[in-house]
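Here's the structure we're looking at; comments come further down.
Chain letters run A, B, ... following the sequence lines, proteins first, then strands; residues in each count from 1.
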Number of protein chains: 2
Amino acid sequence: MDLNQKFKDFVSSQDLYVPQLSVDCVIFGFHQNQLKVLLVKTAGVDIWALPGGFVEQNEGIDEAALHILKERTGLTDIYLEQFRTFGHVDRGNPEFMKDYLNNIGIEMPDNHWIFRRFISIGYYALVNFSLITPTPGEMTEASEWFDIKQLPQLAFDHNDIIEKALDTLKLMLDTRLNTMDRWAASLLPETFTMIDLQNLFETILETTFHRNNFHRKMVSLELLEKLEKKFTGASNRAPYLYRFKSRIADLT
Amino acid sequence: MDLNQKFKDFVSSQDLYVPQLSVDCVIFGFHQNQLKVLLVKTAGVDIWALPGGFVEQNEGIDEAALHILKERTGLTDIYLEQFRTFGHVDRGNPEFMKDYLNNIGIEMPDNHWIFRRFISIGYYALVNFSLITPTPGEMTEASEWFDIKQLPQLAFDHNDIIEKALDTLKLMLDTRLNTMDRWAASLLPETFTMIDLQNLFETILETTFHRNNFHRKMVSLELLEKLEKKFTGASNRAPYLYRFKSRIADLT
DNA sequence: TCAAAAGTGTTAAATGTACACCCATGG
DNA sequence: CCATGGGTGTACATTTAACACTTTTGA
């Protein structure tokens, strides 16, 4: 069933989705030493927003988030974590929904819940940048990666949501180094150099580390497997490539 | 407007609350070296549950949580933190609401949202045990402190919710020592001994610390003010009393 | 004066931080 | 053979962990 059809079902059945509830996903990617966020521009509304959606009556909220990610990225098996629910009374701009529905040619009664304040459950996802080609979906006219340092003004309180997602991500980097193979692997290609890994940490945490200390720390976790050297063509020593040990299990 | 009246308004107006959404509060207290949770038993339903409530259309979710805490504890100005939202498809037991509404003499149509799966936003609160006398409210026949180690079987997925709240609390203790004066103060009386503080940490984190190392660590944070000695009557050296420096500002 | 419990000091291990040096690579 | 940048070793500082000793209190 396509999304447009689902939307139209609002009129005949109010029972498809949980009213006034939505899920918003902050999809993080890492590319050229920049932390990126995937944003979408909804058809007929000239403002960028987080990819989001509603929760069906017969699905859990985690499943709803996975659905949205599947739609936007084509990927399943994504690193996904709920981080906070947003429900201030003044978080919505009701014009958004009016413009949007108007544009796709759907009429809804003024008192429908779609025009009310939404409670939105925030999830963040970590994905491999190079595996995703942002392509407009059925409901969106555009889909693009944005540098987290250069975000436009977003719909609703989505700027706040991203900020909170980033805070949570930073906290995880600091406190869950020992499970790095589960989340760092999601942001990096299968093989990478030690410098790549360091850049990832430095970019997200907005700090710098001493090369050798970082190197030793990572090796001491015993999560990495050293592979052959990577010859870049540059006139300097070739770095080793690494891979997370847990990846080997994934491949079998 | 009393709660019972509010409930009756469901019938005439479906617009008072956000449908299918609730807020559940895990209220932590500390007493006799035990971490306690305040639970309520709803009139006519023979099962303990977390104190919770609905979100009014014209209030934010944080405000809703504060309302619930005010109702249950009489306290305002409580340390409160949102930790997770629960929304599995099978989290509810529909019989609960039927029994409950039946008992308080309210009839609702079978297809009303009150009988559906709820999405529940979890908050945890830290309160001073001795300031609260659990008293049954209008909607509850009982209200009691339970040792976190000896919880009964609870309604819905409330056992899971408490477990997750405790996990989050532990994580905070580990990672936010420097803001201890904001949360530890909520669980302790205004003045306390160093051993009291140590017991609090050890109970929640389920570990033990060396007395002197703990002492030095706490002093080094410069959040504590040493007061006069506390003579307990025991035949040993009297411990000093301490108070969080930030408390002084509170008193002015 | 003794046991109990609190306060304080000292040392060793572990960890974190900074710097120095060595090695491979292509021009 | 030189500049560049990655790999590795070592010394120092800081933090953490463990233990020993001293002080105060009421019996």
Side-chain angles (χ1 to χ4, degrees), chain A residues 32-33 170-171 173-180 184 188-189 191-245, chain B residues 32-33 170-171 173-180 184 188-189 191-245:
Chain A
Q32 291 181 337
N33 293 344
K170 284 179 180 176
L171 191 68
L173 259 67
D174 265 341
T175 59
R176 311 237 175 113
L177 248 191
N178 51 323
T179 58
M180 171 181 70
L188 292 169
T191 62
F192 48 88
T193 68
M194 195 56 87
I195 300 296
D196 290 336
L197 187 60
Q198 184 172 348
N199 282 333
L200 177 65
F201 273 84
E202 290 186 345
T203 302
I204 298 177
L205 294 176
E206 296 178 277
T207 46
T208 56
F209 299 103
H210 286 249
R211 245 182 343 113
N212 43 353
N213 296 336
F214 181 85
H215 187 283
R216 222 197 334 254
K217 182 76 185 170
M218 291 300 122
V219 170
S220 74
L221 294 171
E222 300 189 329
L223 297 171
L224 293 173
E225 185 192 18
K226 191 194 257 186
L227 306 173
E228 78 283 7
K229 291 186 177 181
K230 177 188 179 185
F231 292 87
T232 59
S235 60
N236 54 35
R237 185 168 174 173
Y240 287 102
L241 284 174
Y242 290 88
R243 172 171 61 186
F244 286 106
K245 285 179 181 173
Chain B
Q32 291 180 337
N33 292 345
K170 284 180 179 175
L171 191 67
L173 259 68
D174 264 340
T175 58
R176 311 237 173 113
L177 250 190
N178 50 322
T179 58
M180 170 180 71
L188 292 169
T191 63
F192 49 87
T193 67
M194 195 56 87
I195 300 296
D196 291 336
L197 187 60
Q198 184 172 349
N199 282 333
L200 176 65
F201 273 84
E202 290 186 343
T203 301
I204 298 177
L205 294 176
E206 297 178 276
T207 45
T208 57
F209 298 103
H210 286 249
R211 242 179 348 109
N212 44 354
N213 294 338
F214 182 85
H215 187 282
R216 220 195 336 253
K217 182 76 187 172
M218 291 299 123
V219 170
S220 74
L221 293 171
E222 298 190 330
L223 297 171
L224 293 173
E225 185 193 19
K226 191 194 256 187
L227 306 172
E228 79 283 7
K229 290 186 179 182
K230 177 187 179 185
F231 292 88
T232 59
S235 60
N236 54 34
R237 187 167 173 174
Y240 288 101
L241 284 174
Y242 290 87
R243 172 170 62 184
F244 285 105
K245 285 180 181 172

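Between the P atom of dT25(D) and the CD atom of Glu228(B) lies a distance of 13 Å, rounded to the nearest Å. To the nearest angstrom, P of dA20(D) lies 16 Å from CZ of Arg216(B). Atom pair Gln198(B):CD and dA5(C):C1' shows a separation of 12 Å (rounding to whole Å applied). Here dA17(D) presents its P atom at 9 Å from CZ of Phe209(B), a figure rounded to the nearest Å. The CG-P distance, from Leu241(B) to dA6(C), rounds to 12 Å in whole Å. Rounded to whole Å, atom P of dA6(C) lies 12 Å from atom OH of Tyr242(B). Nucleotide dA5(C) holds its C1' atom 13 Å from the CG atom of Asn199(B), rounded to whole Å. Rounded to an integer number of Å, the gap from CG of Leu177(B) to C1' of dT16(D) is 13 Å.
Judged by closest nucleotide on DNA chain D, Ile195(A) is the one of Ile195(A) and Asn236(B) placed further toward the 5' end. Where Met194(B) and His210(A) meet DNA chain C, the nucleotide closest to each residue was compared, and Met194(B) sits on the side nearer the 5' end.
Put simply, the side chain of Arg211(A) and the base of dG5(D) share no donor and acceptor less than 3.5 Å apart. A donor-acceptor contact under 3.5 Å is formed by the side chain of Arg237(B) with the base of dT23(D). For Asn213(A) and dA18(C), a side-chain-to-base donor-acceptor distance below 3.5 Å is present, hydrogens and geometry of angles not being considered.
Distances shorter than 4.0 Å separate none of the side-chain N or O atoms of Lys226(B) from OP1 or OP2 on dA6(C). Between His215(A) and dT8(D) there is a side-chain N or O to OP1 or OP2 distance below 4.0 Å.
Here the side chain of Asn199(A) pairs no donor or acceptor atom with the backbone of Asp196(A) at under 3.5 angstrom.
Scanning for salt bridge (Lys or Arg N to Asp or Glu O under 4.0 Å) contacts around Lys170(A) gives Glu206(A), with sequence neighbours left out.
Between Thr175(B) and Asp174(A) there is no side-chain heavy-atom pair separated by less than 4.5 Å.
The ring pair (Phe, Tyr, Trp, His ring centres under 6.0 Å) test with Phe192(B) is passed by exactly one of Phe244(B), Tyr240(B), Tyr242(B): Phe244(B).
Taking every heavy atom of both residues into account, Thr208(B) and Glu202(B) meet most closely at CA-OE2, 3.4 Å.
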